[in-house]
Amino acid sequence: MPLELQAAAPASVLAFATTVHVAFLVLRQHRSVHSLGSATVLLPSVALAATPWFWPAQIWLLVGLAVHLAWFGACERLLPAPARRDQRAVRAPAVTAPAAALAPAPPVGHAPAFRPLPVLAVFQETEEIKTFRMLRPDGFQFTAGQFLTVRVQVDSKPLVRCYSISSAPESAGYLEISVKRQGIVSGMLHSSVRPGSMLAIKEANGKFTYPAGDDRPIVFLAGGVGITPLMSMLRHGVAAEPTRPVTLLYSVKTERSVPFRHELEWIVERHPQAKVAFVNSQGPFPIGHFTGHINEALIRKFVPEITSSIFMICGPGRMMEVMKELLGSLGVPLPQVRYEAFEAAIAMAKDEAATVPGTPGLLRHPAASSATAGHRLSLRQTGVTVQVPRDQSLLEAAEAAGAAIPSSCRAGVCMTCRTRLLEGNVDCSGDSLDDEDRASGYILPCVSWAKGNCTLDA
């Protein structure tokens, strides 16, 4: 054996060898901290860490390190760390179990959270309408025609409103809402929101959506700011179904009241299956604009296949009623006439005087007086019964009693507060519920008033 291997190593080499042993010891302790008999497993490592000072010859230093390495490897093979077993146990269900089983159940009354989105740009569409373009988060999905719930702070109070998405789902990098200035929230958006501002929004919602999976022609009947969900549908339609006939008849007051005018003209130029007609009620009436209102003659002029077309209507309440009656007289089957009942939200934003004093954004029942007596409301899950004044919605009464009913628009549009009526009779003025919901006993408490004693599943 060479003499240099038999000679005692310098103190610096002994310290280095000890450091290596201690590193094995610490690593073994970390891997075995929860193992049965972990102290027994660690004792050999402790002993080996002391060997350099008892056998300082270089040959014994090498032997000690080799033995310690072999011991560590044997422990790894014979005693796998419980931490690794626990990790496998956690990961395994991710492959086989449904997502709902892995995520903690949300608390009763939990609503999807608002998320802040940066505003990328603001476009002045008309004197009264602005488009707010926000960054679209990764994975954010919506269907053309749906709306966003937007929350803002006004005088330190959170207010929410629903605004239709006007951009198309194909616009992957951004979301747009087009807002008419009318009321507190929309007025604040117009005056305060600039590129770089943040807007708190909730996930898309709404059942008034593009009629996909159908080859029949589509006719959009729009009035005023009701163009916004139809604009999203039109943009989507020409991109996703370039051979499907699509027609937009748009009623406005004047030529200056037309948002997206240049884009609409461009769509007609670039997509031969698309037709657009503007109808002005007050003039002036330039070439390509029609006078008055949308009527039978105009529909017959632009829609050759009336009874086989799908009609999507969005505008003021009176306009939608007139259009539904007109289409019925023209023989259009009722299932082919679809509309967005957003008038309640417009009324809420436009007439702030109609709100309950001290609670901005809560609608007062038009036929009620705060001085009149009410009815009894029972809350099955909460287990309490309260008296409901005739001018108070069921949502307000339930909230006052401690029931956690999620809500957003508070105007019968977003359907966030959809709740089952178990007993009694109520006046629900919202049009967002479909026949199946109503048949199952669901109501919208934000726009429902008691007509007698009643019970909610809340």
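FYI, side chains are in, hydrogens and waters are out, and symmetry mates aren't considered; it's all heavy atoms of this structure.
For the residue pair Thr126 / Ser257, no side-chain donor-acceptor distance below 3.5 Å is found, with atom types taken as modelled. A donor and an acceptor atom, one from each side chain of Thr385 and Ser378, are located under 3.5 Å apart.
For the pair Arg181 and Glu128, the salt-bridge criterion is not met [side-chain N within less than 4.0 Å of a carboxylate O].
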side-chain contact (heavy atoms from CB on, under 4.5 Å) between Phe147 and Ile165, intermediate numbers included: CA-CA 5 Å; Phe147 58 83; Ile165 303 173; 5.6 Å; no
Derivation and outcome, side-chain contact (heavy atoms from CB on, under 4.5 Å), residues Gln273 and Thr243: CA-CA 6 Å; Gln273 82 280 14; Thr243 62; over 6 Å; no
Intermediate values then yes/no, salt bridge (charged side-chain N to carboxylate O under 4.0 Å, His left out), Arg261 and Glu125: CA-CA 9 Å; Arg261 184 180 61 183; Glu125 305 289 358; over 6 Å; no
Full working for ring-ring contact (aromatic ring centres under 6.0 Å, His included) between Phe290 and Phe302: CA-CA 12 Å; Phe290 296 85; Phe302 283 90; 5.6 Å; yes
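Interatomic distance, CZ of Phe132 versus CG of Leu148, reported as 13.0 Å (0.5 Å rounding). Residue Gln141 holds its CD atom at 12.0 Å from CD of Glu203, rounded to the nearest 0.5 Å. Of the inter-residue distances, the one linking Glu423 atom CD with Asn453 atom CG reads 10.0 Å to the nearest 0.5 angstrom. For the atom pair OG (Ser448) and CD1 (Ile443), the distance works out to 4.0 Å, reported to the nearest 0.5 Å.
Two residues are said to be in side-chain contact when any heavy atoms from C-beta on lie closer than 4.5 Å; Val268 and Lys275 fail this criterion.
Arg420 CZ: more than 12 foreign heavy atoms inside a 6.0 Å radius.
Using the six-membered ring where Trp is involved, His289 and Phe278 have ring planes that are parallel, under 30° apart on the 30 and 60° scheme.
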